[in-house]
Amino acid sequence: MNKHLSLFSTLIVSTCLLFSAYSNSEEAIEAVPLYSQAELLELINRNAHLKRVKDDECQLVQDIEARAEIMALPSYQFLYGDMLAYGVCVDRNVELGLYYMRKAAEQGLAPALEQLGRYYDLGKLVQMDKRMAITYLREASVLGNLKAQLRLVDLFNKGYGSPRDYEDAYRWLFHAAVADKKLHKRIESALAQLAQKMPDSVVKRARLPM
């Protein structure tokens, strides 16, 4: 309870003072403004969120923790979870980091769903579990996460998962907009491989406009 009150007090005070600067000293450092939701999501999508926290000299740790724990904002839960999992500006705590990642995933944050799916696929920070990987990746794919869509198709091509899910996975990846030529070729190859596991009529149906 005391911790929550302390975090709540920090949240209120920091919100009032975020854009102020220390001006009474020649060596004063200007306060770092807290990230907006849009800015943080853009950083997460570029996998630049942890670098940004380090570049800001760890000034926002208490604010990030408060928004993850008290306000339960999924983007901040994801950020704080990653900070804990990798020991960025806080003491490393993988278990607590995964807890916050899962909280973000439960609220439907696609990058959190994709990351957990990837971790279960690779056995990173958690024990390898292809079934759990597919569960998370499928949810992220529904939300349009391209990395999840491609990894899901790759898993199906390796023989994991159920053929009942092939059509949806093919559809999501086929209709993804991709500018990078190398990635486009990789997707083309993955789709061609998955198509061999499906009847032609199902492939044609999956290619219909969404």
Side-chain angles (χ1 to χ4, degrees), residues 37-50 72-82 85 97-210:
Q37 287 288 320
E39 181 183 13
L40 180 52
L41 286 172
E42 194 271 335
L43 288 168
I44 290 171
N45 288 329
R46 290 194 292 109
N47 195 29
H49 51 295
L50 293 181
L73 298 175
S75 57
Y76 277 94
Q77 289 174 328
F78 181 83
L79 173 60
Y80 190 50
D82 258 9
L98 287 169
Y99 167 82
Y100 279 106
M101 288 180 207
R102 290 190 177 101
K103 284 295 183 182
E106 287 169 7
Q107 295 200 65
L109 187 71
L113 289 161
E114 183 276 329
Q115 180 159 290
L116 286 168
R118 174 162 35 93
Y119 284 178
Y120 276 108
D121 180 26
L122 301 174
K124 183 175 182 179
L125 302 184
V126 295
Q127 293 302 308
M128 185 181 294
D129 187 329
K130 301 297 186 180
R131 182 185 62 81
M132 285 295 294
I134 289 170
T135 297
Y136 279 114
L137 292 170
R138 196 181 196 289
E139 291 300 313
S141 295
V142 171
L143 297 171
N145 187 282
L146 178 59
K147 290 189 291 185
Q149 292 168 350
L150 182 53
R151 185 173 292 272
L152 185 63
V153 168
D154 284 342
L155 280 168
F156 290 159
N157 284 335
K158 292 174 183 176
Y160 298 104
S162 169
R164 291 175 297 181
D165 292 324
Y166 290 176
E167 182 178 352
D168 283 339
Y170 188 99
R171 178 181 298 108
W172 295 325
L173 192 55
F174 179 80
H175 290 285
V178 181
D180 183 84
K181 291 183 179 180
K182 187 175 181 180
L183 180 58
H184 191 280
K185 281 289 185 183
R186 184 183 168 197
I187 290 173
E188 186 178 39
S189 176
L191 287 172
Q193 189 175 346
L194 185 60
Q196 293 176 6
K197 298 175 178 287
M198 303 159 61
D200 289 343
S201 59
V202 175
V203 174
K204 289 179 181 178
R205 186 169 64 207
R207 289 177 170 232
L208 292 174
M210 296 176 65

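Keep in mind the model is a prediction, meaning the values are calculated, not measured.
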Can you list, pair by pair, the side-chain donor-acceptor contacts under 3.5 Å of residues 187-201, counting residues two or more places apart and other chains?
none

Exercise. Shortest non-hydrogen contact from Phe156 to Gly161?
Worked result: CE2-CA, 3.9 Å

Exercise. How many angstroms lie between NZ in Lys130 and OH in Tyr160, if you round to the nearest 0.5 Å?
Worked result: 4.5 Å

Exercise. Between Gln107 and Gln77, is there a donor-acceptor pair closer than 3.5 Å when you use the side chain of the first and the backbone of the second?
Worked result: no

For this session: Specify the closest pair of heavy atoms between Ala105 and Ala112, including all atoms of both residues, with the distance to one decimal.
Result: N-CB, 3.7 Å

Exercise. To the nearest 0.5 Å, how far apart are CG in Leu116 and OG1 in Thr135?
Worked result: 11.5 Å

Problem set entry | Chi angles and distances behind the side chain to side chain contact (heavy atoms under 4.5 Å, CB included) call for Tyr120, Ile134 | CA-CA 9 Å; Tyr120 276 108; Ile134 289 170; over 6 Å; no

Exercise. What pair of heavy atoms forms the shortest contact from Leu109 to Pro74, and how long is it?
Worked result: CD2-O, 3.5 Å

Exercise. Are more than 12 heavy atoms from other residues, nucleotides or ligands located less than 6.0 Å from atom CZ of Arg46?
Worked result: yes

For this session: With rounding to the nearest 0.5 Å, note down the distance linking CZ in Arg207 to NE2 in His175.
Result: 9.0 Å

For this session: Please test Tyr80 against Tyr76 for side chain to side chain contact (heavy atoms under 4.5 Å, CB included), starting from the C-alpha separation and ending with a verdict.
Result: CA-CA 6 Å; Tyr80 190 50; Tyr76 277 94; 6.0 Å; no

For this session: Identify the two heavy atoms, one from Ile44 and one from Ser75, that lie closest to each other, and give their separation to 0.1 Å.
Result: CD1-O, 3.8 Å

For this session: Find the distance between CG (Leu183) and CG (Leu146) and round it off to the nearest 0.5 Å.
Result: 5.5 Å

Seminar exercise, completed: Taking every heavy atom of Ala169 against every heavy atom of Leu152, the minimum-distance pair comes out as CB-CD2, 4.1 Å

For this session: Might you work through the side chain to side chain contact (heavy atoms under 4.5 Å, CB included) test for Arg171 and Asp168, ending with a clear yes or no?
Result: CA-CA 5 Å; Arg171 178 181 298 108; Asp168 283 339; 2.9 Å; yes

Problem set entry | Nearest-0.5 Å distance, CG of residue Leu155 to CG of residue Asp165 | 11.5 Å

For this session: Enter the distance from His49:NE2 to Glu39:CD here, rounded to the nearest 0.5 Å.
Result: 13.5 Å

Exercise. Taking 4.0 angstrom as the limit, do Glu106 and Arg102 come out as a salt bridge?
Worked result: no

Problem set entry | Between Arg118 and Tyr136: side-chain donor-acceptor atoms closer than 3.5 Å | no

Problem set entry | Test log, rule side chain to side chain contact (heavy atoms under 4.5 Å, CB included), inputs Met132 and Val126 | CA-CA 11 Å; Met132 285 295 294; Val126 295; over 6 Å; no

Exercise. Any side-chain heavy atom of Tyr100 within less than 4.5 Å of one from Leu79?
Worked result: no

Exercise. Can a salt bridge be assigned to the pair Arg151 and Asp154 using a cut-off of 4.0 Å between side-chain N and carboxylate O?
Worked result: no

Exercise. Can you check whether Gly117's main-chain N or O pairs, donor with acceptor, with Asp121's side chain at less than 3.5 Å?
Worked result: no

Problem set entry | Residue pair Leu143 / Leu113, side-chain heavy-atom distance below 4.5 Å | yes

Problem set entry | Heavy-atom pair with the smallest gap, counting every atom of Tyr170 and Ala206 | CD2-CB, 3.7 Å

